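See structure below.
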Amino acid sequence: MKHIICIGECTLDIVFENSQPIGSMPGGRIINAAAVAARAGLPVLMASEVSDDPVGAMIIDFLQNAGVNISSLDRFVQGSSPLMIFSDSSDGEYNITRYENYGDGGFDIVWPRVSDQTIVVFGGFYVLDPRMRQRLVPFLQNCAERHATMIYVPGFPPQMVSRITKVMPAILDNLELADMVITRSADLRHIFDTDDAANCYHNHIDYYCHSLLNVDTASGHLQFFSGNDISAIDVPTPICGSLLWNAGAIAGTARAIYDNGFSAKDLDNTTTELRNSILNEAARLATDCCHTIDNSWKLRLK
């Protein structure tokens, strides 16, 4: 079956400024990419979990209103849906505090069918947490064995940087499963201690995965690295660092792969046409996504 499976944590982000809440939204690039792709008319399934609580109900409403299939979304009853609290900090960025209570068990989902036409987008903290990796990794391996196109979106909350050595083996395993990696400059800095995307690709990523799409928020470039080939386009710098823009870029990448029938094999040995197709669709859908959502605080949320 030709469809897109998104695997990532379902959180609710609550943003404070001057000690006052200014808004909330479902958090994370994966869940937002699923919603953007579904609104664009693509068949998207979200594989994750939320508690049977009011926060979980809000997240489910968000996904269903976007048109996302939630048949593989587990509703657990012990514990509560995770929250991410964003508050002011002295450096102009947000302090991020994470609250979670998954309880015992959980992640008891019905895995969807997978074929060589399936696109699997996975990433974030969710695919690093030991609690679900024992259940998740066999499914990801099965997807790779069935020649699904695997897109890995690495990343985790900034406060986890001090634990990077503990999660690095899981990150490397995920890179090895991937046919394409999508990062931001911040991800490269947190994981590999460098902002130089080209250097990071050649020294750390190319060995595992030949295709890297990176959002360089400082220069305003969307870059595609593949072997010795580099393609890039300019993107709107003021908003390209936002969560929504990055989620749109992920959704646009999935859409270009879906619409053009690009395979895992194609991403292993890319052409200029393939790279430009993905770059253009990623930038277009990301920019359209931000322009059609009239909530300025969301655009500032990293």
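Residue numbers count from 1 along this sequence. FYI, side chains are in, hydrogens and waters are out, and symmetry mates aren't considered; it's all heavy atoms of this structure. Because the structure is a prediction, the values reported are computed rather than measured.
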>> What I'd like to find out is whether the side chain of L73 reaches to under 4.5 Å of the side chain of I60, using heavy atoms alone.
In response: yes

> Taking only residues two or more places apart in sequence or in another chain, which ones pass side-chain contact (heavy atoms from CB on, under 4.5 Å) with Q141?
Replying inline: V137, L177

> Do V36 and L42 belong to the same hydrophobic cluster, where Ile, Leu, Val, Met, Phe, Trp and Tyr are linked whenever their side-chain heavy atoms lie under 4.5 Å apart, directly or via other members?
Replying inline: no

>> Restricting to side chain to side chain donor-acceptor pair (under 3.5 Å), what partner residues turn up for S72, sequence neighbours left out?
In response: none

>> Once ring pair (Phe, Tyr, Trp, His ring centres under 6.0 Å) is applied, what residue pairs with a partner in residues 210-234 remain, sequence neighbours excluded?
In response: Y201-F225

> Looking at W111 and R135, what are the two nearest heavy atoms and their distance?
Replying inline: CZ2-O, 4.0 Å

> Could you give the distance from CD1 (I230) to NE2 (H202), rounded to the nearest 0.5 Å?
Replying inline: 5.0 Å

> What pair of heavy atoms forms the shortest contact from M150 to A144, and how long is it?
Replying inline: SD-N, 4.1 Å

>> Quick one, S263 and Q117 - any side-chain contact, counting heavy atoms below 4.5 Å?
In response: no

> Is any side-chain heavy atom of T183 closer than 4.5 Å to a side-chain heavy atom of L212?
Replying inline: yes

>> Any heavy-atom pair between the side chains of V55 and V50 that's under 4.5 Å?
In response: no

>> If I compare all heavy atoms of P82 with all of C10, which pair ends up nearest, and what's the gap?
In response: CG-O, 3.4 Å

>> Less than 4.5 Å apart, side chain to side chain, heavy atoms only: is that true for L83 and T11?
In response: no

> What distance do L188 atom CG and N214 atom CG have between them, rounded to the nearest 0.5 Å?
Replying inline: 5.0 Å

>> Please tell me whether N142 and R146 have a donor and an acceptor in their side chains that are separated by less than 3.5 angstrom.
In response: yes

>> Between D229 and T272 (side chain of the first, backbone of the second, donor and acceptor by atom type, cut-off under 3.5 Å), is there such a pair?
In response: no

>> Strictly distance-based, threshold 3.5 Å: is any side-chain N or O of D196 a donor or acceptor partner for the main-chain N or O of A198?
In response: yes

> Should V167 and F125 count as side-chain neighbours, where that means a heavy-atom distance under 4.5 Å?
Replying inline: no

> Taking the side chain as C-beta and beyond, is there a heavy-atom pair between V120 and T149 under 4.5 Å?
Replying inline: no

> Can any side-chain N or O of T118 pair as donor or acceptor with the backbone N or O of S115 at less than 3.5 Å?
Replying inline: yes

>> Between D266 and N260, does the side-chain contact (heavy atoms from CB on, under 4.5 Å) criterion hold? Intermediate values first, please.
In response: CA-CA 11 Å; D266 294 327; N260 291 282; over 6 Å; no

>> Taking NE2 in H190 as the centre, count heavy atoms belonging to other residues, nucleotides or ligands within less than 6.0 Å. Is the count above 12?
In response: yes

> Charged N to carboxylate O under 4.0 angstrom, E100 versus R131?
Replying inline: no

Name the atoms and distances for all side-chain donor-acceptor pairs under 3.5 Å in residues 63-71, with sequence neighbours left out.
unit_1	atom_1	unit_2	atom_2	d
N65	ND2	D61	O	3.0
N69	OD1	S71	N	2.8
N69	OD1	S71	OG	2.8

>> Regarding R275 and E273, does a basic nitrogen lie under 4.0 Å from an acidic carboxylate oxygen?
In response: no

>> Any donor-acceptor pair under 3.5 Å linking the side-chain atoms of T270 with those of S226?
In response: yes

> What is the minimum heavy-atom distance between P154 and V181, and which atoms define it?
Replying inline: CD-CG1, 3.7 Å

>> For the backbone of Y126 and the side chain of D129, can you confirm whether one donor and one acceptor N or O come within less than 3.5 Å of each other?
In response: no

> How far apart are the closest heavy atoms of R29 and G155, and which atoms are they?
Replying inline: NH2-CA, 3.9 Å

> Does the side-chain contact (heavy atoms from CB on, under 4.5 Å) test come out yes or no for I31 and M46, once each step is laid out?
Replying inline: CA-CA 7 Å; I31 184 175; M46 188 75 199; 4.2 Å; yes

>> Rounded at 0.5 Å granularity, tell me how far CD1 in I151 sits from CG in L267.
In response: 7.5 Å

> Which value, rounded to the nearest 0.5 Å, describes the distance between S219 atom OG and D195 atom CG?
Replying inline: 10.5 Å

> Does any non-hydrogen side-chain atom of D216 lie less than 4.5 Å from one of L222?
Replying inline: no

>> Tell me whether Y258 shares a hydrophobic cluster with L285, the cluster being built from Ile, Leu, Val, Met, Phe, Trp, Tyr side chains joined at under 4.5 Å.
In response: no

>> Between V215 and W245, does the side-chain contact (heavy atoms from CB on, under 4.5 Å) criterion hold? Intermediate values first, please.
In response: CA-CA 10 Å; V215 181; W245 202 97; 4.1 Å; yes

> How close do G8 and S48 get, heavy atom to heavy atom, and via which atoms?
Replying inline: O-OG, 2.6 Å

>> Within this structure, what is the OG1-CG distance for the pair T253 and L279, rounded to the nearest 0.5 Å?
In response: 8.0 Å

> Under 4.0 Å between a Lys/Arg side-chain N and an Asp/Glu carboxylate O for D268 and K265?
Replying inline: no

> Taking a hydrophobic cluster as the set of Ile, Leu, Val, Met, Phe, Trp and Tyr residues connected by side-chain heavy atoms closer than 4.5 Å, whether directly or through intermediates, do V153 and V44 fall within one such cluster?
Replying inline: yes

> Does the pair I22 and F16 meet the rule for a side-chain contact (heavy atoms from CB on, under 4.5 Å), with working shown?
Replying inline: CA-CA 6 Å; I22 63 170; F16 286 78; over 6 Å; no

> Using a distance-only test with no angle check, is there a side-chain donor-acceptor pair under 3.5 angstrom linking S81 and D53?
Replying inline: yes

> Listed by chain and number, what are the side-chain contact (heavy atoms from CB on, under 4.5 Å) partners of N174, not counting sequence neighbours?
Replying inline: F122, V127, L128, R133, Y152

>> Using the ring-ring contact (aromatic ring centres under 6.0 Å, His included) criterion, which residues pair with F62? Sequence neighbours excluded.
In response: none

> Rounded to the nearest 0.5 Å, how far does CG of D206 lie from CG of L175?
Replying inline: 11.0 Å

> Hey, any chance V121 and L213 share a hydrophobic cluster, counting ILVMFWY side chains that come within less than 4.5 Å of each other, even indirectly?
Replying inline: yes

